[in-house]
Amino acid sequence: MSTPQLPTSASWPIAAAMLPFPNSQDADPSIWRSQLDQVAREGFTEVDLTDNWLRIGDLDQVRLQQLGDVLAGVGLNPIAVSAIRRSVIDPDDADDNLAYSHRVLEAAKAIGSKVVSFGLHRPLTSAQTEAFWFWTAPGPVDATDDETWQLAVTRLRELGNHAAELGLEMSLEMYEDTLLGTSESAVSLVQDIALPNVGLNPDLGNLYRLHRPIEDFLTAVERCMPHANYWHVKNYFRSEDAAGNVVSVPAPMAYGSANYRRAIEIAVESGFDGPICVEHYGGDGLSVCAENRDYIRRMLAVTLKEDWT
């Protein structure tokens, strides 16, 4: 049996997140075209249909077809969908979120995506919404009792089975104070779900930016990447003083405090071959995402030991 070949640094799918764009759920398709055209003009060929921008699970068939036409028109492959802040164990909205997540899977299949990323993080609190950077204010915290854990396993396995029926990969995004909030807990959850198409989205930037003690970045990378099938990446300048005071602000991947040169090397050594999604908060996030894409391709070329051309 032949061994599957890794993508090259040039062919590795690297998607732009739609985080820099406003909610466009009710927008005319011409607005979608204008927004996605900006992504394509930055040199992207893949895009993550992040649902803060557009909830494809809530589009009717006509609107979904219009979106497909726009994507084809600007030459973007909707390789992934990220459904965020719709936890299937939310104390108030779990049932609605589960139903929504099933609709997202169906829509992702219809639009031609390959992977859908779900998380257990919940909507921002009022304090987070009012903060300059939302991660500087405390957010909701998951219960950690056995009943909550088993509910998460059961519901995520249900989604994973649905994804498998549709030929989709499903990925679980790490996020603080959820059952996916540490590398150990995240790996344990994926292992308990125990489906071959369900893996981790080790978005460790979500943890690295916190203004409190965190686990070592590269240790978490080493633990998570063997279980990863999708990867949101972003970096931050992080500073800690002797008194334990922490400050973090968004940074391009090459310049931030987390060592992504080594993280990408660890990922490839671990067998990771999934799509990567670049994210950035603040300012011209799309341009920073394009810089991050180019940085990743350079680091992949080094790690894959590609010949100079």
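All heavy atoms count here, side chains included; hydrogens, waters and symmetry mates do not.
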I'd like a table of donor-acceptor pairs (distance under 3.5 Å, sequence neighbours excluded) in which one partner is a side-chain atom from residues 8-18, with atom names and distances.
{"unit_1": "T8", "atom_1": "OG1", "unit_2": "A10", "atom_2": "N", "d": "3.4"}
{"unit_1": "T8", "atom_1": "OG1", "unit_2": "S11", "atom_2": "N", "d": "3.1"}
{"unit_1": "T8", "atom_1": "OG1", "unit_2": "S11", "atom_2": "OG", "d": "3.0"}
{"unit_1": "S9", "atom_1": "OG", "unit_2": "E306", "atom_2": "OE1", "d": "2.6"}
{"unit_1": "S9", "atom_1": "OG", "unit_2": "E306", "atom_2": "OE2", "d": "3.3"}
{"unit_1": "S11", "atom_1": "OG", "unit_2": "T8", "atom_2": "N", "d": "2.9"}
{"unit_1": "W12", "atom_1": "NE1", "unit_2": "G274", "atom_2": "O", "d": "2.8"}

Review point. With a 3.5 Å cut-off and no angle check, do the side chains of T148 and D145 form a donor-acceptor pair?
Key: yes
Point to revise | Criterion side-chain contact (heavy atoms from CB on, under 4.5 Å) on Y208 and S257, from CA distance to verdict | key: CA-CA 9 Å; Y208 193 76; S257 303; 3.0 Å; yes
Check your understanding: Is R298 paired with D294 through a side-chain N to carboxylate O contact shorter than 4.0 Å?
Key -> no
Exercise for review: In sequence, state the C-alpha distance, the side-chain angles, and the governing distance for H227 and Q191, and then conclude on side-chain contact (heavy atoms from CB on, under 4.5 Å).
Suggested key: CA-CA 9 Å; H227 306 275; Q191 289 175 330; 3.6 Å; yes
Review point. When you check the gap from the basic side-chain N to the acidic O, do K114 and E46 get nearer than 4.0 Å?
Key: no
Point to revise | D95/R86 salt bridge by N-O under 4.0 Å criterion | key: no
Exercise for review: Check whether any side-chain heavy atom of L67 lies under 4.5 Å from a side-chain heavy atom of I111, and answer yes or no.
Suggested key: yes
Check your understanding: With under 30° as parallel and over 60° as perpendicular, where do the rings of H232 and Y230 fit, or are they tilted in between?
Key -> perpendicular
Review point. Do NZ/NE/NH1/NH2 and the carboxylate oxygens of R223 and E215 come within less than 4.0 Å?
Key: yes
Check your understanding: Can you find a pair of side-chain heavy atoms, one from L120 and one from L172, that are under 4.5 Å apart?
Key -> no
Check your understanding: Which heavy-atom pair separates P20 from L286 by the least distance, and what is that distance?
Key -> CG-N, 3.9 Å
Practice item. Take the angle between the ring planes of Y175 and H121 and call it parallel below 30°, perpendicular above 60°, tilted in between. Key: parallel
Review point. Using 4.0 Å as the upper bound for N to carboxylate O, is an ion pair formed by R238 and E240?
Key: yes
Review point. Would you say the side chain of Y260 lies within less than 4.5 Å of the side chain of N235, judging by non-hydrogen atoms?
Key: yes
Exercise for review: Report yes or no: do L168 and I276 belong to one cluster of Ile/Leu/Val/Met/Phe/Trp/Tyr joined by side chain heavy-atom distances under 4.5 Å?
Suggested key: yes
Review point. Hey, which of D142, T178, D177, N97 is the one that makes side chain to side chain donor-acceptor pair (under 3.5 Å) with R122?
Key: D142
Point to revise | Side-chain H-bond candidate by donor/acceptor type, E169 with N197, under 3.5 Å | key: no
Check your understanding: In terms of heavy-atom contacts, does CG of D92 have more than 12 from other residues, nucleotides or ligands at under 6.0 Å?
Key -> yes
Check your understanding: Are P29 and R63 close enough that some pair of their side-chain heavy atoms sits under 4.5 Å apart?
Key -> yes
Exercise for review: Any chance you could lay out the side-chain contact (heavy atoms from CB on, under 4.5 Å) test for F44 and R293, step after step, and finish with the verdict?
Suggested key: CA-CA 9 Å; F44 285 98; R293 176 203 61 221; 3.5 Å; yes
Point to revise | Heavy-atom side-chain proximity of I31 to F21 below 4.5 angstrom | key: no
Review point. Is V246 reachable from F217 through a run of I, L, V, M, F, W or Y residues, each pair having side-chain heavy atoms under 4.5 Å apart?
Key: no
Exercise for review: Answer yes if the side chains of S188 and W149 hold a donor-acceptor pair under 3.5 Å, and no otherwise.
Suggested key: no
Exercise for review: State, without any angle test, whether W53 and Q35 hold a side-chain donor-acceptor pair at a distance under 3.5 Å.
Suggested key: yes
Review point. Would Q150 and D146 count as having a side-chain donor-acceptor pair, cut-off 3.5 Å?
Key: no
Practice item. Compute whether any side-chain donor of one residue and acceptor of the other, for D90 and S87, lie under 3.5 angstrom apart. Key: no
**Study point:** Note, K234 side chain near V278 side chain (heavy atom, < 4.5 Å)
**Key:** no
Review point. Does the distance from a Lys or Arg side-chain N to an Asp or Glu carboxylate O, for E106 and K109, drop under 4.0 Å?
Key: no
Review point. Side chain to side chain donor-acceptor pair (under 3.5 Å) with R209: which residues, sequence neighbours excluded?
Key: N206, Y236
Exercise for review: State yes or no: do Y281 and F132 share one hydrophobic cluster built from I, L, V, M, F, W and Y residues joined by side-chain heavy-atom distances below 4.5 Å, directly or via other members?
Suggested key: yes
Check your understanding: Can T129 and F134 be said to form a side-chain contact (heavy atoms from CB on, under 4.5 Å), step by step?
Key -> CA-CA 6 Å; T129 301; F134 65 83; over 6 Å; no
